[in-house]
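In what follows, every chain begins at residue 1, and chains take the letters A, B, ... in the order their sequences are listed. Both backbone and side-chain heavy atoms feed into the values below; hydrogens, waters and symmetry mates do not.
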Number of protein chains: 2
Amino acid sequence: MEERKYRVLLCEDDTNLGMVLKNYLELNDYEVVLERDGRLGLAAFQREKFDICLLDVMMPNMDGFKLGEEIRDLDPDMPLFFLSAKTMKEDIIQGYKLGADDYITKPFDSEVLLLKIRAILKRNEEENRISENIQFDLGSYHFNPRLRELIHAGKTETLSPKENDLLKMLAENKNDLLPREKALKKIWGSDTYFNGRSMDVYIAKLRKYLKEDDTIEIVNIHGNGFRLVAP
Amino acid sequence: MEERKYRVLLCEDDTNLGMVLKNYLELNDYEVVLERDGRLGLAAFQREKFDICLLDVMMPNMDGFKLGEEIRDLDPDMPLFFLSAKTMKEDIIQGYKLGADDYITKPFDSEVLLLKIRAILKRNEEENRISENIQFDLGSYHFNPRLRELIHAGKTETLSPKENDLLKMLAENKNDLLPREKALKKIWGSDTYFNGRSMDVYIAKLRKYLKEDDTIEIVNIHGNGFRLVAP
DNA sequence: AACTTTATTGCAAATCATTAACATTATGGA
DNA sequence: TCCATAATGTTAATGATTTGCAATAAAGTT
């Protein structure tokens, strides 16, 4: 149960406000990446792993709503907060339509923002906790991610944390595509060349573990990701 | 059951309210430690023993929710009350209601507060009485945490307090993972390098006690914690 | 002081993640 | 079709981290 800081993607074109907010959040134990427009924000999101995104609505290159859409495409569950000076009703509605978790109008009380962020993250954590004890049957294998155990014919292998995480994601998407990018960001933290190679090494390891049952296969979908085929 | 005063940790940055509340509670036979921000509150909690915590939500350095989380990490069963101004949004509160034993909006009726405190403490006491006498059968061993006795084949070992606490936590999570961090925080107070080394030493001691029965094992899950395997 | 309990070191062994190195396969355009 | 290139497959080497446990020191009790 590793203590890790929550990671915040903050997109704000006003450098002053951006830095102030960044510092404030960092003081409160968040890890913050600040980007100054939508395009950069999207790039950061694709590259790294975040727990929550705070998006200014009015930004150069790509506005906050558009960025929010793009982010939702990549990860439907990512918590989104929109920051905006506008009080126009349409904007707010549009923001919520996208599934914004909150909409905050400037100027805002930074302490309230902090509490809202914390509330959302906490809710998300509760949801995760439910799925904590899930187990999988994969052909003649039994997989218990909590104990990192892969059992076959009475023999128990203890998987390494990375092996375990990867097999868990594959199992959660059994018979369906697990996109490379998604696994890399979730397990390795970011989608880089070396992390990609590392992941390939782990795929090879998992294939070795699972080779006793012919009905199970980890299939590569070139350029896209992997698929765990299992009954 | 010996007579002793209940100890209350009160965190409140408003000195006036803080002192008034402290005096009021003391009049009603509680022992109160008043701290004026989150950081000091956490320090006090780590230093001393309390029966209940009353935390103001809006505080400098560390807000009440964050402090509550930290306290819950150290002791998941500690009763928590949050005090907050009425103006706070209901949805923020909602996110936190789960972990809190009660949530009180200022201004509040101090008599009601007192009654709530009494109710919680009473409930907790009953729960403690139940769990106090718990005993465990571990293979051919019998373990009585209350007496710190580990009995095997008619022979009784008296465990040291730390040995006892650790075996109790392992037994409570029998056949399941006991995260390192959890045990360290609860038994040693904090998760530091040396405490970790110390815990490993205690694991070794427990293994020695338990080696008479082959069906019992304390298994390490690398990087995660330990698991007491027992029938 | 004698004894018990706890904390601290030290170091070997086990485990892990990453990177290198080299092999193979897929894919799209010439 | 064939080739260049990018993506993937696999094994092994490296270096970092975690754990096991004995030995010793420190603190606390009686």
Side-chain angles (χ1 to χ4, degrees), chain A residues 1-4 49 145 147-150 156-170 177-211 217-229, chain B residues 145 147-150 156-168 170 177-211 217-229:
Chain A
M1 203 153 299
E2 176 74 22
E3 272 299 331
R4 74 170 239 294
K49 177 181 66 169
L147 299 176
R148 303 197 336 232
E149 284 183 343
L150 183 61
T156 298
E157 296 274 5
T158 300
L159 303 183
S160 86
K162 282 250 176 359
E163 289 166 0
N164 187 65
D165 292 349
L166 185 53
L167 184 53
K168 188 175 171 199
M169 282 194 84
L170 283 164
L177 171 70
L178 171 63
R180 271 190 98 81
E181 190 200 33
K182 204 169 151 190
L184 281 169
K185 277 204 312 191
K186 176 140 181 181
I187 301 175
W188 276 264
S190 66
D191 179 356
T192 66
Y193 172 76
F194 283 121
N195 284 344
R197 294 326 330 274
S198 189
M199 172 165 159
D200 289 331
V201 171
Y202 279 89
I203 290 288
K205 289 179 183 180
L206 290 180
R207 283 182 175 137
K208 210 176 278 180
Y209 283 128
L210 294 171
K211 69 170 173 231
E217 228 181 331
I218 298 177
V219 181
N220 173 250
I221 298 168
H222 197 93
N224 274 335
F226 295 91
R227 176 178 169 220
L228 174 62
V229 181
Chain B
L147 301 175
R148 303 201 330 240
E149 282 183 346
L150 184 61
T156 299
E157 296 273 7
T158 300
L159 303 182
S160 84
K162 280 240 173 18
E163 288 166 357
N164 187 65
D165 290 348
L166 185 54
L167 184 53
K168 188 176 171 198
L170 284 165
L177 171 70
L178 171 63
R180 264 192 106 79
E181 197 197 16
K182 200 169 150 191
L184 280 169
K185 279 190 169 168
K186 177 129 184 180
I187 301 177
W188 275 264
S190 67
D191 178 358
T192 66
Y193 174 77
F194 282 118
N195 284 343
R197 312 308 294 101
S198 186
M199 172 166 159
D200 288 333
V201 173
Y202 278 88
I203 289 288
K205 289 178 185 182
L206 291 180
R207 282 183 176 135
K208 213 174 275 179
Y209 284 128
L210 295 171
K211 70 168 175 236
E217 227 181 330
I218 298 177
V219 180
N220 173 248
I221 298 173
H222 196 98
N224 268 347
F226 294 91
R227 175 182 173 217
L228 174 63
V229 180

Rounded to whole Å, OH of B:Tyr202 lies from C1' of D:dA22 at a distance of 15 Å
(message) Looking at A:Asp200 and A:Arg197, is any side-chain nitrogen of the basic one under 4.0 Å from a carboxylate oxygen of the acidic one?
(response) yes
If you look at every strand shown and take non-hydrogen atoms under 4.0 Å, does A:Asn220 touch a base, only sugar-phosphate, or nothing? sugar-phosphate
From the candidates D:dG20, C:dT15, C:dT18, the one with an atom nearest any side-chain atom of B:Ile203 is D:dG20
Separation of C:dC16 atom P from A:Asn164 atom CG, nearest Å, is 10 Å
When rounded to whole Å, the CG to P distance for the pair A:Asp200 and C:dA26 reads 14 Å
- OP1, OP2 of C:dT18 versus side-chain N and O of A:Ser198: anything below 4.0 Å? yes
Could you tell me whether the side chain of A:Arg207 and the main chain of A:Glu217 form a donor-acceptor pair under 3.5 Å?
-> no
Describe the nucleic acid contact of A:Lys208 in one word from base, sugar-phosphate, nothing, applying a heavy-atom distance below 4.0 Å.
-> sugar-phosphate
Taking C:dT18, D:dC21, C:dA7 as options, the one with an atom nearest any side-chain atom of B:Trp188 is C:dA7
Worked verdict on B:Phe226 versus B:Ile203 for side chain to side chain contact (heavy atoms under 4.5 Å, CB included): CA-CA 9 Å; B:Phe226 294 91; B:Ile203 289 288; 3.8 Å; yes
message: For A:Lys186, I'd like to know if atom NZ has over 12 heavy atoms of other residues, nucleotides or ligands within 6.0 Å.
response: no
_Measuring to OP1 and OP2 of C:dT4, would you say a side-chain N or O of B:Ser160 lies under 4.0 angstrom away?_
no
Separation of C:dT18 atom P from A:Asp165 atom CG, nearest Å, is 11 Å
Against the side chain of B:Val201, the closest entry in C:dA7, D:dA22, C:dT5 is D:dA22
B:Leu184 CG to D:dT19 P, in whole Å, measures 10 Å
Rounded to whole Å, the NE2-C1' distance (A:His222 to D:dT8) equals 7 Å
Only residue of B:Leu166, B:Leu150, B:Leu147 satisfying side-chain contact (heavy atoms from CB on, under 4.5 Å) with B:Leu159 is B:Leu150
In whole angstroms, the gap separating P of D:dA6 from CG of A:Asn224 amounts to 18 Å
In whole angstroms, the gap separating P of D:dT11 from CG of A:Leu206 amounts to 13 Å
Assert: residue with more 5' nearest nucleotide on DNA chain C, out of A:Arg148 and B:Arg197, is B:Arg197
- So what does B:Tyr193 touch, heavy atoms closer than 4.0 Å: a base, only the sugar-phosphate, or nothing? nothing
Winner on side-chain proximity to A:Lys162, out of D:dC21, C:dC16, C:dT18, is C:dT18
Between B:Asn195 and B:Thr158, the residue closer to the 5' end of DNA chain C by nearest nucleotide is B:Thr158
